[in-house]
Amino acid sequence: MTQAFRYFGMAIAMGMISYWASESMFWSFPPQDITPQQWAITVIAYSGAAACALSAVIWSGLGGWKAVFLGGAILGFIVEGVIVSTMYDAMPFQLVWTPLAWHALVTGLGLFGVHFMMAKMPAYRHALALGVLGLGGGFFAGYWPLERATLPSAPQILLYHLGTGAAAALGCMMVAQLGRVPRPSSWVLLIVPVLAAALWVFQGIYDPRAERLTLLPMLGLTLWAMWRLGQGKPIGDALSVPQPPLLRHMLVLIAPLVTALIAAFAVRGTSGFAANIVAASTLAPLGLGLWLWLLWRAFRQPSAEPPSGR
């Protein structure tokens, strides 16, 4: 039971982290009339997607940056292909943007991976890396004046980013405190993925589109690569994070602060520019290329025996 509580606790923490990187940084400006209840509901949705990713990581035994990237891809496919249906628009581009190009690359490697990797580095390097991430978020904010006629006030932008960024920092503290990746019973690992599968089936009945079937090969190939690369071994300390002083995780706030300052005082009030084209033309090839490279590495990996007793 303790392992189950740790599993769900880590999923919630990852949902809190993912909200800022995948929602706040992507949309740059707070939605109109957003409430704490709406934020909480969205965090719960992200936590469900994170639980699916965490189950895949534990099941496969994959660790390190590969687990962070491919786990981020799982999160992206669940968010964009199950919770919402944006993955099936503008085919085939949306298969990559945003599941691989943003959720896996920016949220997974960019925030989660960089933060925990840099936590064992000197603080100034850690802060610099998060500042660079915030600059990227601020650059992408330049796109939204082209889409939104009216943008929120500067105080609203700062409150939104710093509030959701503080939640992300708290999520990082929770992950660090939980320590090792939990290993609950197999039935616990299946609870949220089964619910996600049922939701996908229900949505397919309600809105039958052939495009929905593209989720199966994208998700299946990712899980297959995770299994081949992880060899299904007990994960042990593979994703354990360094244990710096707990307040060190507050450095995560640097990224949303930089993004918020640029959005509020450099972008707001301008006509905007096509930052989306720049982001898509760089992040999409990088995300897709890294995913394909890992599939190739998985293909070259010797086979492993199926896991037992897990």
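If you're wondering where the values come from, they're calculated on a predicted model, not measured in any experiment.
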**Study point:** From L290 atom CG to L109 atom CG, the distance as rounded to the nearest 0.5 Å
**Key:** 6.5 Å

Revision key, fill the gap. Shortest non-hydrogen pair, A280 vs F93, comes out as CB-CZ, 3.9 Å

Practice item. Answer with yes or no whether the side chains of Y88 and E80 bring together a donor and an acceptor at under 3.5 Å. Key: no

Study note, to complete from the structure: Correct closest heavy-atom pair for T282 and P285 would be O-CD, 3.4 Å

Review point. How far does CG of L100 sit from CG of L105, to the nearest 0.5 angstrom?
Key: 9.0 Å

Practice item. Group every Ile, Leu, Val, Met, Phe, Trp and Tyr by side-chain heavy-atom contacts under 4.5 Å, then state whether I74 and L292 land in the same group. Key: yes

Check your understanding: Hey, are the side chains of S271 and P145 touching, using non-hydrogen atoms and a 4.5 Å cut-off?
Key -> no

Revision key, fill the gap. To the nearest 0.5 Å, atom CZ of F29 lies from atom OH of Y160 at 11.5 Å

**Study point:** S18/L75 under side chain to side chain contact (heavy atoms under 4.5 Å, CB included): CA gap, chis, key distance, verdict
**Key:** CA-CA 9 Å; S18 300; L75 180 140; 3.6 Å; yes

Review point. Among the clusters formed by ILVMFWY side chains lying less than 4.5 Å apart, do L146 and I277 turn up in the same one?
Key: no

Review point. Would a 4.5 Å heavy-atom cut-off, applied to side chains only, mark L70 and L294 as touching?
Key: yes

Exercise for review: Indicate if M226 and W65 have the same hydrophobic cluster label, given that clusters are the connected sets of ILVMFWY residues with side-chain heavy-atom separations under 4.5 angstrom.
Suggested key: yes

**Study point:** salt bridge (charged side-chain N to carboxylate O under 4.0 Å, His left out) partners for D207, two or more places apart
**Key:** R209, R212

Exercise for review: Scan side-chain atoms only and decide if Y143 and E147 contain a donor-acceptor pair under the 3.5 Å cut-off.
Suggested key: yes

Practice item. Start with the C-alpha distance between F69 and F112, add both sets of side-chain angles, then the distance that settles side chain to side chain contact (heavy atoms under 4.5 Å, CB included), and finish with yes or no. Key: CA-CA 10 Å; F69 176 79; F112 190 89; over 6 Å; no

Exercise for review: Could you check if a side-chain atom of R297 sits within less than 4.5 angstrom of a side-chain atom of K66, using non-hydrogen atoms only?
Suggested key: yes

Exercise for review: Answer yes or no: is there a donor N or O on one side and an acceptor on the other, between the side chain of T35 and the main chain of Q38, under 3.5 Å?
Suggested key: yes

**Study point:** Audit row: T222, L295, side chain to side chain contact (heavy atoms under 4.5 Å, CB included) steps and yes/no
**Key:** CA-CA 8 Å; T222 303; L295 291 185; 5.8 Å; no

Review point. Looking at CG of L223 and OG of S55, how far apart are the two atoms once the value is rounded to the nearest 0.5 Å?
Key: 10.5 Å

Check your understanding: side chain to side chain donor-acceptor pair (under 3.5 Å) between W39 and T164: does it pass, once the steps are laid out?
Key -> CA-CA 9 Å; W39 169 82; T164 58; 5.8 Å; no

Check your understanding: Taking atom NE2 of H249 and atom CZ of F116, what is their separation to the nearest 0.5 Å?
Key -> 5.5 Å

Review point. With a 6.0 Å cut-off on ring centres, are F26 and Y19 close enough?
Key: no

Review point. How long is the span from the OG1 atom in T107 to the CD atom in E23, to the nearest 0.5 Å?
Key: 9.0 Å

Practice item. Mark yes or no for whether T259, through its side chain, and G134, through its backbone, hold a donor-acceptor pair below 3.5 Å. Key: yes

Practice item. Can you see which heavy atom on M173 is nearest to which on L246, and at what distance? Key: CE-O, 3.8 Å

Review point. Going through the checks in order, is the ring pair (Phe, Tyr, Trp, His ring centres under 6.0 Å) test met by F139 and F273?
Key: CA-CA 9 Å; F139 173 82; F273 56 92; 5.4 Å; yes

Check your understanding: Heavy atoms, side chains only, cut-off 4.5 Å: are R125 and M118 in contact?
Key -> yes

Point to revise | same_hphob_cluster(V114, Y124) at 4.5 Å side-chain heavy-atom cutoff | key: no

**Study point:** Closest approach of A123 to L251 (non-hydrogen atoms, all atoms of both residues)
**Key:** O-CD1, 4.1 Å

Review point. Under a 4.5 Å cut-off applied to non-hydrogen side-chain atoms, are L158 and F265 in contact?
Key: yes

Revision key, fill the gap. For E211, the side-chain hydrogen bond (donor to acceptor under 3.5 Å, both in side chains) test, sequence neighbours excluded, returns none

Point to revise | Donor-acceptor under 3.5 Å (T270 side chain, G272 main chain) | key: yes

Point to revise | Min side-chain heavy-atom separation V181-L54 under 4.5 Å | key: yes

Review point. Can the ring centres of F140 and W102 be said to be less than 6.0 Å apart?
Key: yes

Check your understanding: Okay, side chain of R268, backbone of A263: is any donor-acceptor separation there less than 3.5 Å?
Key -> no

Practice item. Considering non-hydrogen atoms only, spot the tightest contact between P184 and L189 and give its length. Key: CG-CD2, 3.6 Å

Point to revise | Close side-chain approach of L111 and L130, heavy atoms under 4.5 Å | key: yes

Exercise for review: Would you kindly confirm whether I34 and M16 end up in one hydrophobic cluster when ILVMFWY residues are joined by side chain heavy atoms under 4.5 Å apart?
Suggested key: yes

**Study point:** Derivation of the side chain to side chain contact (heavy atoms under 4.5 Å, CB included) call for F8 and V188
**Key:** CA-CA 9 Å; F8 287 111; V188 174; 3.9 Å; yes

Exercise for review: Evaluate the ring planes of W27 and W144, with Trp represented by its six-membered ring, and classify them as parallel (under 30°), tilted (30 to 60°) or perpendicular (over 60°).
Suggested key: tilted

Review point. At their closest point, which heavy atom of Y7 faces which heavy atom of P182, and how far apart are they?
Key: CA-CG, 3.4 Å

Check your understanding: Between M218 and P99, is any pair of side-chain heavy atoms under 4.5 Å apart?
Key -> no

Exercise for review: Spell out, as yes or no, whether a donor-acceptor pair under 3.5 Å connects the side chain of H161 to the backbone of M25.
Suggested key: no

Exercise for review: State whether the side chain of Q3 and the backbone N or O of R183 hold a donor-acceptor pair below 3.5 Å, judged by distance alone.
Suggested key: yes

